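In the text below, chain A, chain B and the rest are named by the order of the sequence lines, each starting its count at 1. Computed from a predicted structure; not experimentally measured.
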Amino acid sequence: MLGRTHYAAEVNEKIEGETVTVAGWVHRRRDHGGLIFIDLRDRSGLVQVVAEPAQEENFRQLDRVRSEFVVTVEGEVKRRPEGMENRELPSGLVEIEPHRVEVLSEAKTPPFMPQDAESVDEMLRLKYRYIDLRRLGLLNNFILRDRVLMAVRRFFHDHGFLDVETPALARSTPEGARDFLVPSRLQPGTFYALPQSPQIFKQLLMVSGFDRYYQIAKVFRDEDLRADRQPEFTQIDVEMSFMTQDQILDMMESMVHFVFQESMGVTLDPFPRITWHEAMEGYGSDKPDLRAGERLWNLTKVVEAHVSWPILREAPFVGGVVFRDYQPSRKQLDIWTNMAKDLGAGGLIWLVKSPGQTRSSAGKWLSPEEVKELADAVELQDGDVLLLVAGEKYPSLGVLGQLRLEFARREDRLNEGWRFLWVTDFPLFEWSQEENRLVSAHHPFTMPHPSDIDLIETEPLAVRSQAYDVVLNGTELASGSLRIFQPQLQSRIFSTLGLKPEEIEEKFGFLIQAFQYGAPPHGGIAFGLDRMVMLMAGAKSLREVIAFPKTARGVDPLMNSPSSVALAQLEEVGIQIKK
RNA sequence: GGAGGCGUGGUGUAGCUGGCCUAACACGCAUGCCUGUCACGUAUGAGAUCGCGGGUUCGAAUCCCGUCGCCUCCGCCA
């Protein structure tokens with residue numbers, strides 16, 4: 001076999017006259033009868049090979065090759081004739097005149113051509129993923145992913161973090177996502193769980209004094225999939241000791257700045273920091289998209305002061321979202337109203353301001369003066385629309401936040417850019433309707449806000465935590481917290497969550513015990529690497545940045561996993577399948 | 001668990017208010033012709049029981065019921 005000397009895109013006018021060997025796939029073949037062109041494709045791009053009948057053996061070889069055959073070509077780099085250059089290609093000023101052509105592999109006609117794959121049914125693309133991955137557009141996502149990872153590793157290495165691996169065979173813990181279970185053969189009837197995160201291990205490393213840890217960790221969650229959720233994904237997992245929350249935020253923010261600079265040449269602005277309350281009040285979401293226009297308006301006080309209509313006046317909360325410079329039809333206003341109802345609002349009141357008048361869907365019940373008070377409160381200008389929702393505070397804010405986002409999407413008002421922010425001070429607990437009990441908003445190891453510790457037993461839902469998220473353009477990119485390092489406090493949290501003492505001892509006894517042997521204050525964060533790369537690449541789905549992803553039903557059509565297994569395998573691990 | 005969208009030669013689509021469909025178009029594929037193409041051109045040709053099952057009807061790609069698969073969203077994802 002001929003050994004490669006150059007990638008396709010490296011063959012250019014600078015090496016004119018040299019003999020090179022290129023290797024790759026036949027991207028396209030153009031047969032002019034007396035003249036055959038081959039576009040040879042490799043990871044770098046394309047280069048043209050041209051053969052004439054006089055070249056006999058080489059011509060015969062190129063005559064017989066077809067799409068996706070694998071070939072090597074040794075030949076001379078020649079400048080193309082005047083006017084025949086292709087400015088689209090880095091190699092477009094030259095072409096290769098072959099001395100020797102080797103066909104290394106023939107190829108069946110592929111189910112789709114790599115260059116067409118973008119429009120092909122995704123199921124088929126996944127089944128033939130190795131062909132799908134031949135297209136350069138997709139390859140570029142993996143080149144970016146590699147650059148991101150290199151930058152991440154360099155940053156952490158340079159800041160004294162140790163890359164430590166933690167087990168993939170761990171134990172199932174209560175709270176959080178459903179675990180993937182792995183049956184144990186040596187201990188029949190017992191199971192490992194694949195980690196949802198290396199959380200406890202990294203905390204134990206802090207107890208050991210590792211001080212700064214990071215890991216590019218594969219983690220697993222057995223929940224329903226989405227475009228931005230796969231059952232297994234990669235976290236940039238980080239933990240550090242003896243750092244204040246602000247120090248941790250600063251450190252992690254500079255990591256993100258570094259990664260964007262190194263991998264894409266993008267200089268980011270400092271990330272604004274807002275509390276969870278501010279996020280909810282301002283955007284109706286704990287992951288605000290700052291590209292989507294102005295904040296929501298709290299009009300409860302304005303209504304109290306100026307409006308007599310009971311529907312508004314007696315609501316515990318009245319909020320508004322303003323669509324600036326928007327002239328909706330009556331039909332569009334109805335669409336917004338229906339959307340608000342679908343999202344759970346009791347109804348929607350709109351105000352449309354135009355020169356000389358402000359129309360309102362509640363015109364019958366609101367006097368012109370009342371309408372004016374509301375319009376003035378949000379600085380409504382001619383051509384602006386105000387949508388009002390009244391009801392319980394957080395559900396209403398949620399509806400308004402959705403309307404705000406949907407408006408920006410539908411009217412194409414999402415501004416360009418990388419709009420990062422920190423959201424801090426999340427609630428420590430949430431109420432789970434489904435389980436009818438308190439659950440951790442982040443995870444049960446999260447440190448409560450120091451001034452709220454006394455409320456843990458008395459008013460748990462009011463307790464703030466020292467937890468923080470990184471949000472980019474409305475997507476949660478990372479989530480972290482300071483951790484509890486006092487065994488007594490950790491026990492209080494567990495029992496507030498309704499875990500029985502025996503249960504605490506059985507599931508987390510080792511952790512509480514570890515904290516009794518000298519635990520440093522510590523905290524950390526985990527970034528969703530796949531999501532980060534997805535957003536950086538401008539991809540719509542995680543599947544575009546994961547080499548072998550799964551479908552929405554958790555299936556890999558290429559390997560055909562998951563699959564049934566031999567009865568003998570089940571017997572070994574002591575499992576019987578229920579019919 | 002729920003809602004919506006989609007399923008027609010190898011690929012992407014059209015047809016889908018029932019008969020003119022013996023299923024059309026483009027790409028791909030095969031075989032000729034063609035010495036400067038680069039989405040080459042050109043001629044000819046092969047290739048689909050319209051996801052699967054049932055029903056309605058004289059007649060179903062088209063209507064109805066069920067089912068499977070893919071995608072998106074809600075629930076779920078500490």
Side-chain angles (χ1 to χ4, degrees), chain A residues 27-41 46-55 59 66-68 78 80-89 91-93 95 97 107-128 131-132 173-179 196-197 199-200 219-231 233 342-344 398 402 406 426-430 432-435 438-446 465 467 469 476 479-481 493 497 526 528 531 540-541 543 550-555 557:
Chain A
H27 188 64
R28 247 186 254 277
R29 173 173 165 276
R30 290 178 293 279
D31 181 357
H32 289 239
L35 191 65
I36 298 174
F37 298 96
I38 300 287
D39 288 338
L40 184 141
R41 184 192 69 239
L46 302 174
V47 67
Q48 175 166 280
V49 179
V50 59
E52 297 183 25
Q55 292 173 284
F59 186 81
R66 293 294 181 269
S67 288
E68 303 304 312
K78 290 206 150 179
R80 295 191 187 187
E82 188 86 21
M84 302 303 155
E85 301 88 354
N86 183 346
R87 306 274 167 192
E88 308 281 299
L89 297 178
S91 64
L93 296 185
E95 60 197 2
E97 187 182 290
K108 288 166 67 173
T109 302
F112 55 87
M113 292 298 163
Q115 61 268 28
D116 300 334
E118 218 154 343
S119 57
V120 171
D121 178 70
E122 202 169 354
M123 184 69 173
L124 194 71
R125 285 173 43 196
L126 292 179
K127 183 169 179 190
Y128 297 94
I131 294 172
D132 192 19
T173 52
E175 305 288 307
R178 199 173 289 115
D179 287 317
Q196 299 173 28
S197 91
Q199 185 61 37
I200 295 176
V219 299
F220 307 85
R221 293 176 188 179
D222 188 9
E223 297 292 344
D224 286 3
L225 280 65
R226 287 282 194 287
D228 62 353
R229 267 161 42 187
Q230 283 273 312
F233 60 103
D342 287 346
L343 290 167
Q402 290 285 332
E406 201 53 38
F426 278 75
L428 189 65
F429 301 109
E430 287 169 354
S432 165
Q433 296 285 349
E434 196 165 317
E435 300 175 65
L438 284 179
V439 295
S440 292
H442 183 52
H443 59 52
F445 318 111
T446 305
S465 66
D469 278 6
E476 178 192 320
S479 196
S481 63
I493 298 293
L497 289 169
R531 273 191 194 174
K540 288 201 166 53
S541 157
R543 295 187 296 274
K550 302 200 167 39
T551 69
R553 293 288 300 280
V555 166

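Across all strands, A:Arg178 comes closer than 4.0 Å to no nucleic acid atom at all (heavy-atom distances). Here A:Glu85 lies in heavy-atom contact (under 4.0 Å) with a base. A:Asp222 comes within 4.0 angstrom of nothing in the nucleic acid, heavy atoms only. Residue-level contact check: A:Leu124 touches the backbone only, with heavy atoms under 4.0 Å from sugar-phosphate atoms and none from bases. Within 4.0 Å of A:Glu118, counting heavy atoms only, lies no atom of the nucleic acid at all. Looking at heavy-atom distances under 4.0 Å, A:Met123 makes contact with sugar-phosphate atoms alone, never a base. A:Ser197 comes within contact range of at least one nucleobase, with a heavy-atom separation under 4.0 Å.
Of all nucleotides present, only B:A24 satisfies the Watson-Crick or G-U wobble test against B:U13, with each distance under 3.5 Å. In this structure, B:A43 and B:U31 make a Watson-Crick or G-U wobble pair, each of the two defining distances being under 3.5 angstrom. Across all strands shown, the partner of B:C70 is B:G5, judged by Watson-Crick or G-U wobble contacts whose two distances both fall under 3.5 Å.
A pairwise comparison of heavy atoms in A:Pro110 and A:Glu68 identifies CG-CG, 3.9 Å as the closest pair. Of all the heavy atoms in A:Gly92 and A:Arg80, the pair that sits closest is O-NE, 3.3 Å.
B:U62 and B:C52 have their P atoms separated by 11 Å, given to the nearest Å. Rounded to a whole angstrom, the distance from the C1' atom of B:G15 to that of B:A23 is 8 Å. Rounded to the nearest Å, the gap between the P atom of B:G51 and that of B:G12 is 13 Å. One P atom belongs to B:C71, the other to B:U31, and the distance between them is 37 Å to the nearest Å. As rounded to the nearest Å, B:C50 and B:A61 have P atoms that lie 7 Å from one another. The same atom, C1', is picked in B:G47 and in B:G54; the two are 30 Å apart, to the nearest Å. Atom C1' of B:G4 sits at a distance of 43 Å from the matching atom of B:G45, rounded to the whole Å. Taking the C1' atoms as reference points, B:C33 lies 30 Å from B:A48, given to the whole Å.
The base of B:C38 is not paired with the side chain of A:Arg28 by any donor and acceptor separated by under 3.5 Å. Taking only distance into account, the side chain of A:Glu95 meets the base of B:G36 through a donor-acceptor pair shorter than 3.5 Å. Put simply, the side chain of A:Arg226 and the base of B:G75 share a donor and an acceptor less than 3.5 Å apart. Judged by atom type and distance alone, A:Arg87 does not reach the base of B:C38 through any side-chain donor-acceptor pair under 3.5 Å. The base of B:C76 is not paired with the side chain of A:Arg221 by any donor and acceptor separated by under 3.5 Å.
Look at CD on A:Glu88: it is 13 Å from P on B:C40, rounded to the nearest Å. Here B:G9 presents its P atom at 16 Å from CZ of A:Phe112, a figure rounded to the nearest Å. When rounded to the nearest whole Å, the span between NZ of A:Lys108 and P of B:A30 equals 14 Å. Look at CG on A:Asp116: it is 13 Å from C1' on B:U13, rounded to the nearest Å. Whole-Å rounding puts the A:Lys550 NZ to B:C70 P distance at 13 Å. Rounded to an integer number of Å, the gap from CG of A:Leu225 to P of B:C71 is 9 Å. Taking atom CD1 on A:Ile131 and atom P on B:G10, their separation rounds to 15 Å, with Å as the unit. For the pair A:Gln55 CD and B:U35 C1', the interatomic distance rounds to 12 Å; values are reported in whole Å.
The listed nucleotides are B:C71, B:U37, B:G12; the one nearest the side chain of A:Ser119 is B:G12. With B:C71, B:C76, B:C38 as the choices, the nucleotide that has an atom nearest any side-chain atom of A:Glu223 turns out to be B:C76. Closest approach to the A:Phe37 side chain among B:C34, B:C70, B:G36 is made by B:G36 (side chain taken as heavy atoms from C-beta onward). Looking at the side chain of A:Asp224, the nearest of the listed nucleotides B:G75, B:U35, B:C29 is B:G75. The side chain of A:Arg229 approaches B:G75 more closely than any other nucleotide in the set B:U35, B:G75, B:G12. Across B:C38, B:U11, B:C34, the shortest atom-to-atom separation from the side chain of A:Val120 is found for B:U11. Distances were taken from every side-chain heavy atom of A:Thr109 (C-beta onward) to each of B:C77, B:C38, B:C29; the shortest belongs to B:C29. Out of B:C27, B:C76, B:U35, the shortest distance to the side chain of A:Pro53 is found at B:U35. Listed nucleotides B:C29, B:U37, B:U35 differ in distance to A:Met84; the shortest reach to its side chain belongs to B:U37.
For B:G69, the OP1/OP2 oxygens have no side-chain nitrogen or oxygen of A:Thr551 closer than 4.0 Å. Residue A:Arg531 has no polar side-chain atom (N or O) positioned under 4.0 Å from OP1 or OP2 of B:C77. Contact annotation: A:Arg30 side-chain N/O to B:U37 OP1/OP2 distance is not under 4.0 Å.
The main-chain N or O of A:Arg178 is found under 3.5 Å from a side-chain atom of A:Glu223 such that the two form a donor-acceptor pair. Between the side chain of A:Arg531 and the backbone N or O of A:Asp228, at least one donor-acceptor pair lies under 3.5 Å.
No aromatic stack links A:His32 and the base of B:U37, using centre distance under 5.5 Å and interplanar angle under 30°.
The nearest heavy atom of RNA chain B to A:Pro111 and to A:Arg29 marks one nucleotide each, and the one closer to the 5' end goes with A:Pro111. Projected onto RNA chain B by closest heavy-atom contact, A:Asp121 and A:Leu35 fall at different nucleotides, the more 5' of which corresponds to A:Asp121.
Under 4.0 Å is where a charged nitrogen must lie from a carboxylate oxygen, and between A:Arg29 and A:Asp31 at least one such pair does. Under 4.0 Å is where a charged nitrogen must lie from a carboxylate oxygen, and between A:Arg229 and A:Asp224 no such pair does.
The side-chain heavy atoms of A:Arg28 and A:Phe37, taken from C-beta on, include no pair separated by under 4.5 Å. In this structure, A:Gln230 and A:Leu225 have side chains that are in contact, with non-hydrogen atoms separated by less than 4.5 Å.
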key: Derivation and outcome, side-chain contact (heavy atoms from CB on, under 4.5 Å), residues A:Gln196 and A:Val219   = CA-CA 5 Å; A:Gln196 299 173 28; A:Val219 299; 5.8 Å; no
